[in-house]
Amino acid sequence: METEPCCKEQRDRVLDPTESKVAESISEPADSDSLNKLPCGSAEEGEELCRKDPSEIENHAVESKDTEIKSLSSCEQESEKAECKIEKKLKKTNSWKMVRFQDPSTEEDVVERDSSAEILFPEYAVEEWTSSQFEELFMAEDWENITEDRLLRKKVLESGDIQVPRSTWGQEVTVKMQGVLEDRTVVEKDCKLVFVIGEGDVIQALEECVMSMQRGEITLLLADSQYAYGLLGREPDIPAWAPLLYQLQLLDIRDKPDPETLLITDRIRIGNQKRERGNFHFQREEYSLAARAYYVALEVLTTRSKDGNDVGMKEEEEEVREYRVKCLNNLAAAQLKLEQFDEALHTSRDVLTLQPNNVKALFRTGKLLSDKGEYKEAMEVLKQALKLEPTTKAIHAELSKLVKRQSGGKDTRQWRVKPAKVLGDDITPFLIASKKKSSGISWKFILGALVVALGSLVTSLILSARN
């Protein structure tokens with residue numbers, strides 16, 4: 001357990017966050033479309049500041065206000081010690097995997113510091129949040145069931161504005177939240193998390209909970225693992241089958257913005273966040289969720305305005321096209337995993353519309369056409385892919401399979417892997433006939449016949465001798 005040695009510093013850090021500004025972090029777009037990377041970073045790199053450290057502001061006035069500092073009452077000192085003890089109950093972890101859907105920060109210079117062990121709601125550091133066993137909370141009578149299975153529960157700490165309608169599916173919300181394991185290790189924290197309900201930006205527990213909250217409401221949320229990270233957990237900080245406890249406040253509810261009304265830079269930022277979330281699900285083999293995230297990303301990654309005209313500069317249009325290609329290729333991979341072969345073929349052709357020489361899309365298109373029996377078109381597409389990457393064994397293997405299919409399995413000509421070179425349209429030199437068996441009489445058959453004849457002769461001689 002890591003704690004700050006000075007209670008004064010702890011007290012400075014748990015002041016009411018409403019008295020200071022909230023600084024927002026910028027999510028950097030990923031340059032790679034690899035599906036093997038988690039779409040999330042560490043809190044030390046992307047942690048937002050909920051508030052400026054008051055000690056930084058007050059340092060300049062320390063010398064002139066020594067008498068004020070010394071005049072703290074004994075009551076205030078006792079309160080200070082109590083808050084310090086509460087802080088020590090929370091652990092911090094250096095591993096963060098939160099996918100953050102943030103608006104860009106308006107602050108040019110933001111002083112970052114490690115605040116993962118801070119309490120976002122110090123005035124609500126109740127026993128359930130600091131020390132209670134999760135089993136007790138699942139059975140507690142003063143908690144409200146969000147789902148009928150009693151695996152997703154909440155306890156309202158402060159009521160919200162009942163005049164404002166609750167959020168619904170498809171709306172965009174902003175929340176302030178902090179999540180811990182049962183040992184109170186902080187694993188998720190965000191002062192201004194923005195997500196759209198139903199688009200898979202966050203775990204199901206948060207989506208279900210915000211739809212039950214009023215704007216401004218502060219609540220405790222207890223989520224079983226099936227509403228959080230389930231069987232796989234989230235390496236390296238959330239184990240498999242781990243329930244989570246959250247403190248969260250619903251800050252705002254609004255309609256989801258129309259992508260065609262956003263700036264191109266905002267579309268690229270949001271689209272890449274959605275694509276990275278899709279990569280996160282793909283790595284976890286949650287292919288349906290991954291496909292949904294890619295679809296949402298494609299809706300955002302466009303340069304078209306509401307009047308049907310393109311609004312981006314040439315450089316922006318090229319950047320959007322590049323990210324659309326990445327997203328479409330990832331979507332096709334997810335559709336293949338889901339055995340949606342017609343959809344995957346359509347998606348791969350969409351890639352070729354944007355980038356005719358995209359080898360991934362050419363290979364997928366050729367393979368899918370071959371599986372459908374459209375051999376002529378499949379051969380042309382695979383030949384084009386081979387020209388671009390002559391050393392790729394998968395393309396050679398697929399062409400060999402295609403040649404066998406074309407011959408109906410009778411002609412056993414095979415596709416032979418050749419050294420890397422630029423290929424022409426004529427692929428005949430790369431087709432070789434396999435060795436065929438000779439049609440003559442087998443020597444084994446002749447030898448067997450001689451043995452049988454010899455045996456018959458010996459038998460005849462023995463019978464004659466006896467007679």
Side-chain angles (χ1 to χ4, degrees), residues 29-37 39 259-260 264 267-283 286-304 310 312 314-399 401-402 423:
D31 293 329
S32 172
D33 63 338
S34 170
L35 297 177
N36 297 324
K37 291 184 179 180
E260 294 183 352
I264 299 298
R267 299 184 198 183
I268 293 173
R269 174 181 55 80
I270 296 173
N272 273 291
Q273 289 171 344
K274 304 292 186 181
R275 179 176 61 85
E276 289 171 357
R277 186 66 175 179
N279 293 354
F280 173 74
H281 287 303
F282 192 99
Q283 188 190 38
E286 300 167 343
Y287 300 121
S288 295
L289 295 176
R292 180 176 63 176
Y294 296 141
Y295 276 122
V296 174
L298 289 169
E299 291 178 0
V300 179
L301 290 170
T302 176
T303 58
R304 183 164 297 180
D310 289 338
K314 184 176 180 180
E315 294 79 6
E316 292 176 331
E317 291 178 1
E318 291 178 355
E319 188 175 4
V320 170
R321 185 184 300 110
E322 178 184 350
Y323 287 127
R324 280 189 67 86
V325 167
K326 290 181 179 181
C327 203
L328 286 167
N329 268 328
N330 293 356
L331 175 60
Q335 290 168 334
L336 286 174
K337 293 291 186 180
L338 295 169
E339 299 184 355
Q340 299 174 351
F341 302 117
D342 290 337
E343 292 83 352
L345 178 59
H346 184 273
T347 303
S348 297
R349 281 175 164 162
D350 287 343
V351 175
L352 296 177
T353 302
L354 297 173
Q355 281 187 3
N357 290 331
N358 188 282
V359 177
K360 285 183 181 179
L362 286 170
F363 175 74
R364 289 194 184 110
T365 302
K367 179 174 172 39
L368 290 167
L369 288 172
S370 177
D371 293 340
K372 290 184 67 175
E374 300 179 15
Y375 301 134
K376 184 178 180 180
E377 186 179 357
M379 179 64 75
E380 293 176 357
V381 173
L382 289 173
K383 281 166 52 181
Q384 185 179 351
L386 193 64
K387 291 177 186 177
L388 297 169
E389 290 191 7
T391 59
T392 303
K393 294 182 179 180
I395 302 177
H396 286 280
E398 193 60 36
L399 277 166
K401 187 189 300 184
L402 176 57
L423 303 178

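Nothing fancy with the numbering, it's 1 onward along the sequence. Bear in mind the structure is a predicted one, so any value in this text is a computation, not a measurement.
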**Request:** Give every residue pair that meets the salt bridge (Lys or Arg N to Asp or Glu O under 4.0 Å) criterion with at least one member in residues 346-357, sequence neighbours excluded.
**Result:** Arg349-Glu377

**Request:** Hey, could you give me the CG/CE distance between Leu382 and Met379, rounded to the nearest 0.5 Å?
**Result:** 7.5 Å

**Item:** Distance-minimising heavy-atom pair for Ala361 and Ser348
**Value:** CB-O, 3.7 Å

**Fill in**
Rounded to the nearest 0.5 Å, the NZ atom of Lys383 sits from the CG atom of Leu402 at a distance of 10.5 Å

**Message:** Counting C-beta onward and ignoring hydrogens, is there a side-chain heavy-atom pair between His396 and Leu386 closer than 4.5 Å?
**Reply:** yes

**Request:** Not counting sequence neighbours, which residues clear side chain to side chain donor-acceptor pair (under 3.5 Å) with Glu343? List them please.
**Result:** none

**Item:** Closest approach of Ala385 to Leu362 (non-hydrogen atoms, all atoms of both residues)
**Value:** CB-CB, 3.8 Å

**Message:** Determine whether a donor-acceptor pair (N or O, by modelled atom type, separation under 3.5 Å) exists between the side chain of Arg267 and the backbone of Pro259.
**Reply:** yes

**Asked** Listed by chain and number, what are the salt bridge (Lys or Arg N to Asp or Glu O under 4.0 Å) partners of Arg321, not counting sequence neighbours?
**Response** none

**Request:** Rounded to the nearest 0.5 Å, what's the gap from NE2 on His281 to OG on Ser288? Could you check?
**Result:** 10.5 Å

Sequence neighbours excluded and cut-off under 3.5 Å, please list the side-chain donor-acceptor pairs for residues 368-376, or say none.
from	atom 1	to	atom 2	distance (Å)
Ser370	OG	Arg405	NH1	2.8
Asp371	OD1	Arg405	NH1	2.9
Asp371	OD1	Arg405	NH2	3.2

**Message:** Looking at Arg324 and Leu298, would you say the former's side chain and the latter's main chain have a donor-acceptor pair under 3.5 Å?
**Reply:** yes

**Chi angles and distances behind the side chain to side chain contact (heavy atoms under 4.5 Å, CB included) call for Thr392, Val359** = CA-CA 10 Å; Thr392 303; Val359 177; 5.5 Å; no

**Minimum heavy-atom distance Gly366-Ala378, with the two atoms named** = O-CB, 3.4 Å

**Message:** Can you give me the closest heavy-atom contact between Lys274 and Ala297, atom names plus distance?
**Reply:** CB-CB, 3.7 Å

**Message:** For Tyr287, give me all partners under ring pair (Phe, Tyr, Trp, His ring centres under 6.0 Å), at least two apart in sequence or on another chain.
**Reply:** Phe282

**Item:** Heavy-atom pair of closest approach, residues Gln335 and Ala344
**Value:** OE1-CA, 3.2 Å

**Message:** If you compare all heavy atoms of Asn357 against all heavy atoms of Leu388, which two are closest, and at what distance to 0.1 Å?
**Reply:** O-CD1, 3.3 Å

**Message:** Contact between Lys326 and Glu322 at the side-chain level, heavy atoms closer than 4.5 Å - yes or no?
**Reply:** yes

**Prompt:** Checking His346 side chain against Phe341 main chain: does a donor-acceptor pair fall under 3.5 Å?
**Reply:** no

**Message:** Give me each pair satisfying salt bridge (Lys or Arg N to Asp or Glu O under 4.0 Å) with a member in residues 286-295, each pair once, sequence neighbours excluded.
**Reply:** Arg284-Glu286

**Prompt:** Looking at CG of Leu345 and NZ of Lys367, how far apart are the two atoms once the value is rounded to the nearest 0.5 Å?
**Reply:** 12.5 Å

**Asked** Are a donor atom and an acceptor atom from the side chains of Thr302 and Glu260 found within less than 3.5 Å of each other?
**Response** no

**Request:** Without swapping roles, check the side chain of Tyr294 against the backbone of Asn279 for a donor-acceptor pair under 3.5 Å.
**Result:** yes

**Spacing of Glu318 atom CD and Thr303 atom OG1 [to the nearest 0.5 Å]** = 11.5 Å

**Prompt:** Rounded to the nearest 0.5 Å, how far does OG1 of Thr347 lie from CG of Leu328?
**Reply:** 6.5 Å

